[in-house]
Amino acid sequence: MERMETFPKIISVDDHTVEPAHVWRDRLPSKYRDTGPRIVRAPLKEMTFTGGKFAPEMGGPDDAGPLADWWVYEDLHRPLTRLDTAVGYDRDEVRLEAITYEQMRPGSYDVPARLADMDVNHVQSALCFPTFPRFCGQTFTEAKDRELGLLGVRAYNDWMVEEWCGPQAQGRLIPLTLVPLWDAELAAEEVRRNAARGVRAVCFSEIPPRLGLPSIHGDDWDPFLRACDETRTVIAMHIGSSSKMPSTSADAPPAVGSTITFANCCFSMVDWLMSGKFERFPHLRIMYAEGQIGWIPYILERADVVWEENRGWGGVADKVLRPPSELFAEHVYGCFFDDAFGLKNIDAIGVPNVLYETDYPHSDSTWPKSKEVGEAQMGHLPADLVERIVRGNAIDLLGLTPEGLWAGTRS
């Protein structure tokens with residue numbers, strides 16, 4: 001068994017972009033200039049994060065709170081926060097605070113600076129989730145003006161493909177787009193529009209009913225799922241894409257939710273395995289960003305037992321035709337950045353179903369030591385398996401070049 005001599009260049013399937021102030025200002029019709037997403041600098045009056053709920057309050061001109069840059073959109077006021085972009089700060093200095101663009105690391109929003117920070121971190125390529133739209137575009141889904149919301153989704157996608165992943169990125173940034181979640185037909189159209197220009201991944205909610213949307217157990221999402229199936233577009237679900245992080249009580253401190261961040265992914269994966277969708281759409285692939293992987297073996301074991309022993313009364317006998325663990329092996333990918341336990345049990349998960357990430361620039365990020373973290377946790381694995389986990393699986397899943405780069409419509 002050959003051990004790794006050098007750690008492979010990382011392809012991170014879960015990083016984040018902080019959108020520059022001009023994204024919607026430059027791409028929306030002029031009539032939406034005063035209602036579309038825009039940046040306003042204003043004081044922070046109050047901000048709390050308890051029970052998994054984030055609640056900021058924007059101050060007025062006479063308030064004395066610290067100045068922050070706020071995204072303002074219809075009635076929404078959301079500040080940039082240190083949790084959005086914490087890299088470069090000591091962990092003990094990362095607090096719940098509102099900030100301006102000048103107070104964040106430029107790699108959060110600037111492509112050349114991002115590439116430089118990727119170089120520091122031994123990262124070759126990265127797939128980036130949004131910040132202001134939230135992890136699956138909930139911001140636009142919750143908006144009142146559907147016409148503006150659809151334009152907002154499309155503007156983000158155009159910026160993602162043409163600028164963030166444009167020529168400056170040299171193929172090292174991999175596009176991840178949004179869909180209008182309130183209309184599955186429109187969502188399908190947007191999947192196909194972006195697939196035509198080489199996009200191979202789309203954001204989705206881990207538990208749609210928590211957003212007031214249909215579950216995946218009915219037929220409501222079928223147009224969207226069919227579009228993903230036919231275009232080989234990966235459905236990417238990030239922790240928190242249900243608009244509420246797991247918690248136990250309204251007064252639980254954030255540390256409780258931070259410890260159980262995987263819980264929504266766990267619930268979601270069981271939903272998908274018991275939905276019958278993988279039988280109907282055989283080319284569907286889903287991935288769970290930042291969900292870690294150590295919990296997966298037991299869930300697969302339990303799901304198989306339930307399917308074997310209880311499928312008759314469990315409502316799945318006529319639609320889930322194979323053991324859930326087999327469906328997982330063909331359709332589901334877990335993503336991790338710091339999970340020594342999961343790596344010790346990698347055979348029970350399946351090497352082909354595991355992807356690596358760095359979570360730049362969030363507070364959990366392993367930047368700038370993702371290589372060192374990976375070496376410490378994967379040192380017991382053969383070199384070829386490390387290569388698969390760190391980059392090979394992502395290349396295959398996302399249709400990258402053999403060198404691990406996004407090639408647009410050529411991919």
Side-chain angles (χ1 to χ4, degrees), residues 16-45 47 54-61 67-81 84-85 98-104 108-111 128-166 173 175-191 193-194 197 199 202-205 211-213 224 238 240-241 243:
H16 300 264
T17 179
V18 176
E19 299 80 18
H22 70 267
V23 171
W24 290 277
R25 181 192 66 206
D26 291 354
R27 291 181 177 274
L28 289 177
S30 57
K31 69 176 182 176
Y32 290 118
R33 190 166 296 147
D34 295 330
T35 52
R38 59 204 181 278
I39 286 290
V40 173
R41 185 159 291 185
L44 172 69
K45 188 173 183 180
M47 182 162 58
F54 175 57
E57 185 177 351
M58 183 173 167
L67 284 178
D69 284 334
W70 295 73
W71 282 107
V72 178
Y73 172 39
E74 294 188 341
D75 298 330
L76 175 67
H77 300 83
R78 186 203 187 279
L80 304 179
T81 75
D84 293 332
T85 172
I99 60 173
T100 65
Y101 280 99
E102 289 81 5
Q103 293 172 295
M104 69 174 66
S108 302
Y109 58 86
D110 177 76
V111 171
C128 297
F129 283 83
T131 297
F132 168 70
R134 311 216 299 280
F135 294 143
C136 65
Q138 301 102 299
T139 296
F140 296 111
T141 302
E142 295 167 359
K144 300 172 185 175
D145 188 332
R146 291 297 196 210
E147 179 184 0
L148 175 55
L150 180 59
L151 290 171
V153 166
R154 290 176 173 167
Y156 176 87
N157 292 341
D158 291 346
W159 169 80
M160 168 62 62
V161 174
E162 298 165 7
E163 293 189 40
W164 184 252
C165 301
L173 295 174
L176 174 63
T177 53
L178 303 174
V179 292
L181 292 169
W182 59 89
D183 188 315
E185 294 285 356
L186 289 177
E189 289 179 16
E190 193 62 12
V191 166
R193 182 176 82 95
N194 291 305
R197 46 185 179 175
V199 176
V202 63
C203 299
F204 192 64
S205 174
L211 305 180
L213 300 169
F224 166 70
H238 196 285
S241 56
S243 287

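- A distance of 11.5 Å separates CD of Glu190 from CG of Leu181, quoted to the nearest 0.5 Å.
- Going from atom CG of Asp158 over to atom CG of Asp26 covers 12.5 Å, rounded to the nearest 0.5 Å.
- Side-chain atoms of Arg38 come within 3.5 Å of backbone atoms of Gly36 as a donor-acceptor pair (strictly under, hydrogens ignored).
- Residues Arg154 and Phe140 fail the side-chain proximity criterion, which asks for heavy atoms closer than 4.5 Å.
- The shortest distance between side-chain heavy atoms of Val111 and Leu173 falls below 4.5 Å.
- To the nearest 0.5 Å, the span separating CG on Asp69 from CG on Leu44 amounts to 12.0 Å.
- Listed here is the closest heavy atom pair of Glu19 and Thr131: OE2-N, 2.7 Å.
- No more than 12 heavy atoms of other residues, nucleotides or ligands sit less than 6.0 Å from atom CZ of Arg33.
- Using a 4.5 Å cut-off on side-chain heavy atoms (C-beta onward), Lys31 and Leu148 make no contact.
- In plain terms, the two heavy atoms of Cys203 and Val179 that are nearest each other are O-CG2, 4.3 Å.
- To the nearest 0.5 Å, atom CG of residue Asn194 and atom CG of residue Leu178 are 9.0 Å apart.
- Side-chain contact between Asn157 and Arg197 is present, with at least one heavy-atom pair separated by less than 4.5 Å.
- Shortest non-hydrogen contact noted between Ala68 and Pro79 is CB-CB, 4.5 Å.
- In terms of heavy-atom proximity, Leu28 sits nearest to Gly152 at CD2-N, 4.1 Å.
- Taking 4.5 Å as the limit, every side-chain heavy atom of Glu142 sits out of range of all side-chain heavy atoms of Leu76.
- At least one donor-acceptor pair closer than 3.5 Å links the side chain of Trp70 to the backbone N or O of Ala42.
- Partner of Thr139 under the side chain to side chain donor-acceptor pair (under 3.5 Å) criterion, chosen from Arg78, Glu74, Arg134: Arg134.
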Discussion item. Using the rule given for side-chain contact (heavy atoms from CB on, under 4.5 Å), can you reason through Met104 versus Asp84, listing the C-alpha separation, both sets of side-chain angles and the distance that settles it, and then say yes or no?
Written reply: CA-CA 9 Å; Met104 69 174 66; Asp84 293 332; 5.9 Å; no
Worksheet entry | Residue pair Met58, Val40: steps toward the side-chain contact (heavy atoms from CB on, under 4.5 Å) verdict | CA-CA 10 Å; Met58 183 173 167; Val40 173; 3.9 Å; yes
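- Put simply, CD on Gln103 and OG1 on Thr85 are 10.5 Å apart, with the number rounded to the nearest 0.5 Å.
- Proximity of the aromatic rings of Trp24 and Tyr73 is defined here by a centroid distance below 6.0 angstrom, and this criterion is not met.
- Side-chain atoms of Thr177 never come within 3.5 Å of backbone atoms of Val202 as a donor-acceptor pair (strictly under, hydrogens ignored).
- If you take OG on Ser108 and CD1 on Ile99, they are separated by 7.5 Å, rounding to the nearest 0.5 Å.
- Residues Thr141 and Gln138 have side chains that never bring a donor and an acceptor to within less than 3.5 angstrom of each other.
- Remark: aromatic rings of Phe224 and Phe204 are close, center separation under 6.0 Å.
- When side chains are defined from C-beta on, Leu213 does not count as touching Ser205, because their heavy atoms never get closer than 4.5 Å.
- Closest heavy-atom contact between Phe135 and Pro130: CD2-O, 3.7 Å.
- By the ring-ring contact (aromatic ring centres under 6.0 Å, His included) test, Tyr101 is found to be paired with Tyr109, residues two or more places apart in sequence or in another chain being considered.
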Fill in: Residues Lys144, Asp75; criterion side-chain contact (heavy atoms from CB on, under 4.5 Å); working and verdict
CA-CA 9 Å; Lys144 300 172 185 175; Asp75 298 330; 2.5 Å; yes
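- Closest approach of Trp159 to Pro20, counting heavy atoms only: CZ2-CD, 3.4 Å.
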